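Read through the structure below, which is laid out as structure tokens, and then see the notes.
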Amino acid sequence: MDEALKSIIQEAETKTRELTQRAQFEAVKAEFVGPNGSFTALRKEIGKLPKEQRPEYGKKINGVKESLESILSATLTRIEERELEAKIGPAIDPTLPSPDIQMGSEHPLTQVLNRIVDIFSKVGFTVAAGTEVESEYFCFDALNTPADHPARDMQDTYYINEEASFQNIKQKADERYVLRPHTSSVQIRTMLKEKPPLKILSPGRVFRRDTADATHSANFHQIEGLLVDKNLKVTDLKAILDYFARELLGKDAKVRFRPHFFPYTEPSFEVDFPAAHLGKVGKKWIEIMGCGMVDPTVFEAVGIDPNEYTGYAFGMGIERIAMIVYGVDDIRYFYQNDQRFLEQFSR
Ligand code: DAH
């Protein structure tokens, strides 16, 4: 009986070795495990044995059954692979070189944003977060921008449906919500929450009702800066922005301050960077940001004593700087996610 069991395995190996067709396979399989198969017959022998020999025989039968199963399933897999190959051509060749992998990289706006944050972090500024939905009070009133100011016009700012409510954004009273038109609202939120001295930077998205063209987008990015301490002067503001220009553009970079007006700073300036540094011909200066000394009215709105504290603030457009630094002449490229554009900024 043992001999018969052993030879069944050998026989199965021999008979399956050359099989290529499914029908032949089924016939050979039946020769062993079909109702009249040789293995089926041997399995039935167990009933004829005396009781005490049955467990040992059962074990052997199970061993042979496992071997048979693995021989048959390997054969079937081989036949199926041939069938598939006949249908779809040769199987994958793992030795061929793989196609080039496209590596992703940081978006150019993120790269510029991080560079600006790095420059200011080196001199102690920390990042404060703000929300993109804000209330009118924090964007305007507290920043000394009264209700009749043109910036509050429906033409300039996105107002949010009156029914909408935002649990995480506290209003001053029940003024309307807006999509913030600038990051300056973070100045107010920070001064209400923390005591001076303060030294923060706040990057983020802002929204304006602009029609998109080469230099405008309804949604762009700004970085706000605010420093509140005792005895700050305009020269301190100028020093920090000189430092910023030198870090961004090189150590001989110069900065031009032009008097301007913002409701929340007094005096106020617009700051220009030299165009030559930025590869622009025919132009001497390019406007980069607004800034000034925090207006005492703003300090009063947040409960900081303007006789004790002084401050400076600045706000710049990130797209503007990215366009200048990289020589991109249309702001819309930044939002189209065209790989041909983006891959030029991979490092
Ligand atoms: N909020 C201004 C804007 O969006 C930029 C600005 C000007 C920010 C003066 C300031 C500032 O902090 O002091 O155009």
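Worth saying up front: this structure is predicted, and the values here are computed from it rather than measured. The figures here come from the full heavy-atom set of this structure, side chains too, leaving out hydrogens, waters and symmetry mates.
Considering only residues two or more places apart in sequence or on other chains, Q24 meets the side-chain hydrogen bond (donor to acceptor under 3.5 Å, both in side chains) condition with none of them. Residues meeting the ring pair (Phe, Tyr, Trp, His ring centres under 6.0 Å) test with Y309, sequence neighbours left out: none.
No path of Ile, Leu, Val, Met, Phe, Trp and Tyr side chains, each step under 4.5 Å between heavy atoms, connects L201 with V298, placing them in separate hydrophobic clusters. F140 and Y158 fall into different hydrophobic clusters, where Ile, Leu, Val, Met, Phe, Trp and Tyr residues are linked whenever their side-chain heavy atoms come under 4.5 Å apart, directly or through other members. Linking ILVMFWY residues whenever their side-chain heavy atoms come closer than 4.5 Å, directly or via other members, places V112 and M323 in the same cluster. One hydrophobic cluster holds both F32 and I79 under the rule that ILVMFWY side chains link at heavy-atom gaps under 4.5 Å.
A salt bridge between K60 and E56 is present, with a side-chain N of the basic residue lying under 4.0 Å from a carboxylate O of the acidic one. Taking the charged nitrogens against the carboxylate oxygens, D156 and R152 have no contact shorter than 4.0 Å, which rules out a salt bridge. Taking a cutoff of 4.0 Å between a charged side-chain nitrogen and a carboxylate oxygen, E83 and K87 do not qualify as a salt bridge.
Atom OG in S38 sits 7.5 Å away from atom CD in E31 (nearest 0.5 Å). With rounding to the nearest 0.5 Å, the separation of CD1 in I240 from CG in L232 is 10.5 Å. Separation of atoms CZ (R256) and CD1 (I288) is listed at 12.5 Å; rounding is to 0.5 Å. For the atom pair CD of E132 and CZ of R180, the computed distance is 6.0 Å after rounding to the nearest 0.5 Å. Atom-to-atom distance recorded for R189:CZ and T183:OG1 is 14.0 Å, nearest 0.5 angstrom. We find the CG-OG distance between N114 and S121 to be 9.5 Å, quoted to the nearest 0.5 Å.
When all heavy atoms of I169 and V133 are compared, the closest pair comes out as CD1-O, 3.3 Å. In terms of heavy-atom proximity, Y335 sits nearest to N219 at OH-O, 3.4 Å. The heavy-atom pair separating F138 from K170 by the smallest distance is CE1-O, 3.2 Å.
Counting only distance, with no hydrogens or angles, the side chain of D210 and the backbone of A212 share no donor-acceptor pair below 3.5 Å. Of the possible donor and acceptor atoms, one in the side chain of H182 sits under 3.5 Å from a partner among the backbone N and O of C139. At least one donor-acceptor pair under 3.5 Å links the side chain of D330 to the backbone N or O of R332. Side-chain atoms of E85 never come within 3.5 Å of backbone atoms of G89 as a donor-acceptor pair (strictly under, hydrogens ignored). Between the side chain of S268 and the main chain of F261, no donor-acceptor pair closer than 3.5 Å is present. In terms of modelled atom types and a separation under 3.5 Å, the side chain of Y243 and the main chain of K238 share no donor-acceptor contact. Judged by distance alone, the side chain of R54 and the main-chain N or O of L49 form a donor-acceptor pair under 3.5 Å. For R115 (side chain) and L248 (main-chain N/O), a donor-acceptor pair under 3.5 Å exists by modelled atom type. Without hydrogens or angle criteria, Q344 side chain to R340 main chain gives a donor-acceptor distance under 3.5 Å. Between the T145 side chain and the L143 main chain, a donor and an acceptor come within less than 3.5 Å of each other.
Summarising the local packing, CZ of R208 is surrounded by more than 12 heavy atoms from other residues, nucleotides or ligands at distances under 6.0 Å. Surrounding CG of N231 are at most 12 heavy atoms belonging to other residues, nucleotides or ligands under 6.0 Å away. Taking a 6.0 Å sphere around OH of Y333, one finds it holds 12 or fewer heavy atoms contributed by other residues, nucleotides or ligands. Other residues, nucleotides and ligands place no more than 12 heavy atoms under 6.0 Å from the CD atom of E18.
Using a 4.5 Å heavy-atom cutoff, the side chains of D213 and T211 are not in contact. K193 places none of its side-chain heavy atoms less than 4.5 Å from the side chain of T190. Between E13 and I71, some side-chain heavy-atom pair lies under the 4.5 Å cut-off.
Each of K284, R258, R320, K254 was scored for a salt bridge (Lys or Arg N to Asp or Glu O under 4.0 Å) with D272, with one residue passing: R258. The only option from F269, F273, W285, F314 that meets the ring-ring contact (aromatic ring centres under 6.0 Å, His included) definition with F257 turns out to be F269. Under the ring-ring contact (aromatic ring centres under 6.0 Å, His included) rule, F334 has a single partner from F341, F220, F345, Y326, which is F341.
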Let me see the working for F166 and Y177 under ring-ring contact (aromatic ring centres under 6.0 Å, His included), right down to the final yes or no.
CA-CA 9 Å; F166 299 88; Y177 287 113; 4.9 Å; yes
